[in-house]
Amino acid sequence: MSNITITFPDQSTRSFPSGVSTIEIAENIGPRLAKAAVAARINSELADLSLPIDTDAEIEIITGDSDAGHEVLLHSTAHLMAQAVKALFPNAKVTIGPAIENRFYYDFDIEGTFSDKDLEKIEAKMRELSERDFTVQRVELTRNAALKKFDDMGETYKVEIIEQIDEKDTISAYSQDDFIDLCRGPHVPTTGKIKHFKLLSTSGAYWRGDENNTMLQRIYGTVFSSKKELDEYLQKLEEAKKRDHRKLGKELDLFFFHSLSPASPFFTDKGAVIYNGLVRYMRELYLQYGYGEVISPQVFDMELWKQSGHYEMFIDNMFSMEMGEREFGLKPMNCPGHTLMYSHGLHSYRDLPIRMADFGRLHRFEKAGVLSGLTRVRSMAQDDAHIFCTPDQIGDEICDLFEMVQTVYDTFNFKDLSIALSTRPEKALGEVKLWNKAESTLTDVLEKSNYKFTIDEGEGAFYGPKIDFHVKDALQRDHQLATIQLDFVLPERFKLKYIAEDGSEKRPVMIHRAILGSLERFFGVYLEHCGGDFPLWLAPVQVTVLPVSEKVQGYAESITQKLNAAGLRFQLDDKADKIGAKIRQAELSKINVMLIVGEKEAEAGTVSVRRRHQGDLGPMDVAELIDLLNDEIKQRSS
RNA sequence: GCCUACGUAGCUCAGUCGGUAGAGCACUUCCUUGGUAAGGAAGAGGUCACCGGUUCAAGUCCGGUCGUAGGCUCCA
């Protein structure tokens, strides 16, 4: 038998007999590597560890703790789960079971549904199947053989999938014990490699994601290469639950919902301080960047929405009302109203760009099933603005916007900005020519900027392409916040114009843009990001005065008068509680600054300062403290 | 909209086999006047989401409605 040369990622080479498998190579290198191995990469192609290699090749041994290995592990665990389900529910039909980020799922067509008890049983069965350590065997089939095999088994979904596989592609299946599943692979060599897994939840899911198809039963689960990683992941899920903005919103008394106005938040006085703080901050930036703020109507004759295209594209998401002869629509967006404001007067090219900001309340009738806390609501406001400009002003405007976005995200301590350009969707208004022009303008500006960006084909708004900004929060979750959308359609529909240098009438371009996005959603995302520990400038209660006993009530009141005069948001906790209880209460309410005043302080004319999560900072002069706090507020430090 | 789960005091949650409702925190009052994360006692607080059905009897069983939550493109 001849020998072949294997090249490793570090470029070292070794000779092996032809027909050697990656697992044999791994064993040759060391038993620990062989144990951790889940798959191989042979000449950059993912493959099973058992695949015989008969020519010179570059190989990489993939372990479960790498990204590629984790994906293999996730996918193999989905198979193990399918095997367990088929063992416990022989009538279940399998469909698909891919790996997704940190999790996997598998959709089954079964009579009835899976209960939590079923999940436990399935997980127990999976443990049993894992311990029996079956060999996972790859089989390659001809198209007809595959069709016959899965048809004989009654796996109609698999038959449907095989029918759609490209005739040129190899059809493969993987078996473990008596279970066989159509799959491209690769997979772990034996079921015993799958140890640290947990089933997470069940839900309904439509076959191929189409609500006209059969509803399948989906089970989500996760798996890691070590118990430590699994525990860390589960812990992260717990942490996310603790920081859930709905939970924090209730605990900190910031907002609530009522069934008589579904999905429409009520912000309490405390929540409104934060909400208005966000608005005030944006207004300051507007002043700096040359925006003018307007106030526009809430309700418009349907005529407007017909002209704008919303009637055609968005009516299912609009609140509407009939009043006598006329039909009105509650505005879901500000843009059509803004075109009316633009058209109210004549504009010279000298007036452009006009940057029209509006915090107007918007209503969108979102489907009941998609509503969620503050992140998906029916009543909201945006830090919305429309920029009316000439086509050659677009570049400068977008550069300014990039700068503004960066400033805002720095203020809120959001790192890891990523940018996506979304292009023309299937359901779109306007000529393809206009779309192409808009898309190439945005691509140009993006390429000139230093930002990295990806392209989301077909994800644009129906009136124009857009640039979306994503950030990562404190738990590394991705959120889309800012958006910049180019629009050549609305100006056309509303016949907007400006008088150009040569006296002719020209069509302006509209840029729709929001930096925080919806204030409601931003509120929720930021609440989770900061975990309820708001910076001083946004905190609903900035300072609380805690008298040690009733003897110093008068002195405590004199302190609150000074705080009041300094324009700070304060509280006085003059309940008959002991100081420890008052401090505990203030810490739980996440109040930034606690001022403890007792007889010592009253005599010296000072306050003892305690900052949230920091403990006792010692006595300080009140005037001095107020200066420090006002500085901190002015700088918006986080 | 569809699937599943849930809805009991302001909040967090018990409530077994169907027999008319409970705790802790918060609240009110009283005692305690204290020094950096919970002093003590008493009291008040409920149309068990809503509507209907079964039953001698429903928080509990059945049906419906409303609301809330997790999902519903991530190609075998």
Side-chain angles (χ1 to χ4, degrees), chain A residues 75 78-79 82 94-101 103-107 110 112-116 118-119 141 146 150 155 157-166 169-174 181-185 200-220 241 244 246-247 250-251 253 256-263 316 366-373 458-459 546-553 575-589 594-601 608-619:
Chain A
H75 196 177
H79 272 230
V94 293
T95 68
I96 60 165
I100 53 178
E101 197 181 355
R103 292 182 303 161
F104 63 85
Y105 67 80
Y106 210 118
D107 288 345
I110 59 161
T113 58
F114 292 119
S115 65
D116 290 351
D118 293 335
L119 271 199
L141 300 161
F150 285 97
E155 296 289 5
Y157 294 91
K158 291 293 180 189
V159 170
E160 194 180 322
I161 292 165
I162 296 165
E163 280 165 353
Q164 282 167 12
I165 293 177
D166 196 316
D169 288 353
T170 318
I171 293 176
S172 57
Y174 283 77
D181 195 3
L182 182 74
C183 188
R184 188 160 34 203
L200 298 169
S201 59
T202 58
S203 79
Y206 297 101
W207 171 234
R208 299 206 181 273
D210 184 339
E211 62 189 16
N212 299 313
N213 289 341
T214 321
M215 168 73 67
L216 307 170
Q217 292 303 314
R218 173 171 299 182
I219 303 176
Y220 283 95
K241 258 191 216 162
D244 188 310
R246 290 164 299 197
K247 186 168 158 22
K250 213 183 271 184
E251 284 170 3
D253 191 28
F256 65 91
F257 291 89
H258 196 282
S259 61
L260 289 179
S261 187
D316 290 346
E366 303 282 1
K367 288 200 286 185
V370 305
L371 303 171
S372 178
E459 292 296 314
L546 310 178
V548 173
S549 80
E550 279 171 26
K551 287 182 197 152
V552 288
Q553 175 79 9
K575 281 201 300 262
D577 287 332
K578 288 170 88 166
I579 194 66
K582 291 184 187 186
I583 286 168
R584 178 181 149 82
Q585 193 48 54
E587 288 279 357
L588 289 175
S589 312
M594 288 155 259
L595 301 183
I596 288 105
V597 294
E599 291 179 277
K600 270 187 292 183
E601 288 78 6
S608 281
V609 180
R610 181 187 166 109
R611 293 293 298 247
R612 176 183 63 201
H613 308 324
Q614 285 179 36
D616 193 0
L617 300 179

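Of the candidates B/G35, B/G70, B/G1, B/G1 carries the atom nearest the A/K367 side chain, counting heavy atoms from C-beta on. Between B/G67, B/C11, B/G1, one nucleotide has an atom nearer to the side chain of A/K250 than all others, and that is B/C11. Nearest to the side-chain atoms of A/A205 among the listed nucleotides B/C2, B/G34, B/C72 stands B/C72. Checking B/C3, B/A69, B/C74 against the side-chain heavy atoms of A/R246 singles out B/A69 as nearest.
Toward the 5' end of RNA chain B, the nearer of the two residues A/K600 and A/E211, judged by each one's closest nucleotide, is A/E211.
If you check every strand for non-hydrogen atoms under 4.0 Å, A/E601 touches a base. The residue A/S259 sits close only to the backbone: its heavy atoms come under 4.0 Å of sugar-phosphate atoms, none of a base. Residue A/I96 is in sugar-phosphate contact alone, with no base atom involved, counting any heavy-atom pair closer than 4.0 Å across all strands shown. Within the nucleic acid shown, A/G369 comes within 4.0 Å of at least one base atom, counting heavy atoms only. When heavy atoms are screened at a 4.0 angstrom cut-off, A/T170 is found touching base atoms of the nucleic acid. Using a 4.0 Å heavy-atom distance criterion, A/F114 is classed as making no nucleic acid contact.
Look at the P atom in both B/C13 and B/A69: the space between them is 15 Å, to the nearest Å. Across B/C30 and B/U65, the matching C1' atoms stand 47 Å from one another, rounded to whole Å. If you take atom C1' in B/G34 and the same atom in B/A9, they sit 32 Å apart, rounded to whole Å.
Smallest separation of non-hydrogen atoms from A/D577 and A/K582: O-CE, 3.3 Å. Residues A/R103 and A/Y220 share a closest heavy-atom pair of NH1-CD2, 3.6 Å. Across all their heavy atoms, A/W207 and A/T95 have their closest contact at CZ3-CB, 3.6 Å.
No more than 12 heavy-atom neighbours from other residues, nucleotides or ligands sit within 6.0 angstrom of CD on A/E101.
Contact check on A/R246 versus A/D244 returns a salt bridge, with a Lys/Arg side-chain nitrogen under 4.0 Å from an Asp/Glu carboxylate oxygen.
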Can you run through RNA chain B from 5' to 3' and write each base as (, ), [, ], | or . depending on how it pairs? Watson-Crick or G-U wobble, both distances under 3.5 Å. (((((((..((((.....[..)))).(((((.......))))).....(((((..]....))))))))))))....

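Between the side chain of A/Q217 and the base of B/G71, no donor-acceptor pair under 3.5 Å is found. Judged by atom type and distance alone, A/Y206 does not reach the base of B/G71 through any side-chain donor-acceptor pair under 3.5 Å.
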